[in-house]
There are 2 protein chains.
Amino acid sequence: MNTLAYILLGILAREPLSGYDLARLLKKHFGPFWAISHTQIYPALAQLVEAGFTTYEIIEQQARRPDKKIYQITEAGQGALRAWVEAPTSPTVIRDEFLLKAYSLWVADPEHMQGIFREQIALHQERLFMHEQELEAKRTKYLAMSQGNSESLVMAELIFKYTISYEQNYVSWCNGVLHYLEQREEAHRVEEI
Amino acid sequence: MNTLAYILLGILAREPLSGYDLARLLKKHFGPFWAISHTQIYPALAQLVEAGFTTYEIIEQQARRPDKKIYQITEAGQGALRAWVEAPTSPTVIRDEFLLKAYSLWVADPEHMQGIFREQIALHQERLFMHEQELEAKRTKYLAMSQGNSESLVMAELIFKYTISYEQNYVSWCNGVLHYLEQREEAHRVEEI
DNA sequence: TAGCACATGTAACTTGTTACATGATTAG
DNA sequence: CTAATCATGTAACAAGTTACATGTGCTA
């Protein structure tokens, strides 16, 4: 069982879903911080079934669509998920290609790089906006249901809070570099006169 | 040429180094945000030589140590590096396993999870401290050399600034979750009475 | 005398991405 | 008529990790 398998288990612990639905949910909620393609999901689900952590039932579809397989977590699966959550996590590596480019920024054209940084800022601001909207959506959903499993919703909220602060930090860093680049250009111009 | 090759080029553009030295420098400076093992570095360097982006000279070692290969960036290599830096970067995925565990936090034992979060906080605080120290070291190095390629040092500084703010953000988020867990425990205790 | 620093590499394995494959329905 | 949505999968490839391999000199 690898991380992907536990991600799927974590979602199935909230509600039973098909592989397709899992892919969609993952793209929407986890897209920017853990991209998973459907080609990974299907073998992983088969693995989970083989390990006895999930079962599935085939739903015959109307309108002659391909049959659905709805996956459900088993008790063994819940135990495995819990063990994974409680186990120590090895330190994360960020692996951000853009930061590495920034490290070699000095070899590139400064004016061009201002454009590149503006692009990145726009991208992360868009993500920020998206996450803020999703947080709002979760909040209203949370208020609507006064009973039930509210804790799982609180955790989803906390994840969005993290991604929001992450994107805010990213944008403000990019802005800092951009200001540096602009200032330097200014200084160069003064030198020339 | 993949990202790894350009990372190596980016370092070699600053100073010629051996594979072993590259591995050491990468571990020290890039460790927490782009881990690279030496087993990846050697084939990548061979690839760079084949592409004509680097050359190397063999340095015979005293004390009967294995011979060193010192790699140097070529003009073609500098061009390739620049093209990579100036090219648009596809959006980063964070891929943080701990966040995914947090998403499934509600299935685990709350008291145990407080311990897990305290561990993470300690880890990231340690990293934060490390980065702050390295930033200081870069600053003194930067002030010491009044001439030369100061811009590459400025960029290295900016990277450390990013990692520092990243870790600060991470720690403060973990603290938020921890407070939530503590509060919830408190509430449960009151309920019981 | 055990382990670490130096120095370079290969091979097997795991994980993730891209391309391919099928096939109906519905909206623009 | 083209693209998107629904729905599941396989296969080839790229990237990254772990284990193995060699050999000396220094330190605890």
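When reading the values below, keep in mind they use all heavy atoms of this one structure, side chains included, and skip hydrogens, waters and symmetry mates. Lettering follows sequence order; numbering is per chain, from 1.
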Which pair of heavy atoms, one from A:Phe117 and one from A:Cys174, lies closest together, and at what distance?
CD2-O, 3.9 Å
Winner on side-chain proximity to B:Asn2, out of C:dA7, D:dA15, D:dG9, is D:dA15
A:Glu97 CD - D:dA15 P separation (whole Å)
11 Å
Quick test of your reading of the model: are B:Glu167 and B:Arg127 salt-bridged, counting only N-O distances below 4.0 Å?
yes
Euclidean distance, atom CD of residue A:Glu57 to atom P of D:dT8 [Å, nearest integer]:
13 Å
Please give me the minimum heavy-atom distance between B:Trp34 and A:Glu97, naming the atom from each residue.
CZ3-N, 3.7 Å
Between A:Leu26 (CG) and C:dG16 (P), how many Å, whole number?
12 Å
Among C:dG16, C:dA7, D:dG9, which nucleotide sits nearest the side chain of A:Tyr42?
D:dG9
Check whether any side-chain N or O of A:Arg95 sits under 4.0 Å from OP1 or OP2 of D:dG16, and answer yes or no.
yes
So what does A:Thr39 hit on the nucleic acid, given a heavy-atom distance under 4.0 Å: a base, only sugar-phosphate, or nothing?
base
Rounded to whole angstroms, how far apart are CD1 on A:Ile41 and C1' on C:dT18?
16 Å
I want to verify a distance call: between C:dG16, D:dT17, D:dG9, whose nearest atom is closest to the A:His38 side chain?
D:dG9
For D:dA15, take OP1 and OP2 only and decide whether either is under 4.0 Å from a side-chain N or O of B:Gln40.
no
Side chain of A:Tyr20: nearest nucleotide among C:dG9, D:dG16, D:dT5?
D:dT5
Polar side-chain atom of B:Thr74 near backbone of B:Phe53 as donor-acceptor pair, under 3.5 Å:
yes
When the ring planes of B:Phe98 and B:Trp173 are compared, do they come out parallel, tilted or perpendicular, using 30° and 60° as the limits?
perpendicular
Which residue lies more 5' along DNA chain C, comparing B:Ile70 with B:Val93 via nearest heavy atoms:
B:Ile70
Among C:dT8, D:dT18, C:dT17, find the nucleotide with the atom closest to the side chain of A:Ser37.
C:dT17
The helix from C:dT1-D:dA28 to C:dG28-D:dC1: angle between its terminal axes, five pairs each, to 10°?
40°
From the candidates D:dG9, C:dC6, C:dG16, the one with an atom nearest any side-chain atom of B:Arg24 is C:dC6
Rounded off to whole Å, could you give me the CD-to-P distance for the B:Gln47 and C:dG9 pair?
14 Å
Angle between ring planes, B:His124 versus B:Tyr170, binned at 30° and 60°: parallel, tilted or perpendicular?
parallel
In whole Å, I'd like the distance from the NZ atom of A:Lys27 to the P atom of D:dC6.
11 Å
Considering only side-chain heavy atoms of B:Lys68, which listed nucleotide, C:dA7, C:dT17, D:dT8, is closest?
C:dA7
What's the closest nucleotide to the B:Tyr71 side chain, out of D:dT8, C:dG9, C:dA7?
C:dG9
Calculate the interatomic distance between A:Trp34 atom CH2 and C:dT17 atom C1'; express it in whole Å.
15 Å
Point-to-point distance, once rounded to the nearest 0.5 Å, from NZ of B:Lys69 to CG of B:Leu17:
15.5 Å
B:Asp21 CG to C:dA7 P, in whole Å, measures 7 Å
So, the side chain of A:Lys101 versus the backbone of B:Ala87: is there a donor-acceptor pair under 3.5 Å, distance only?
yes
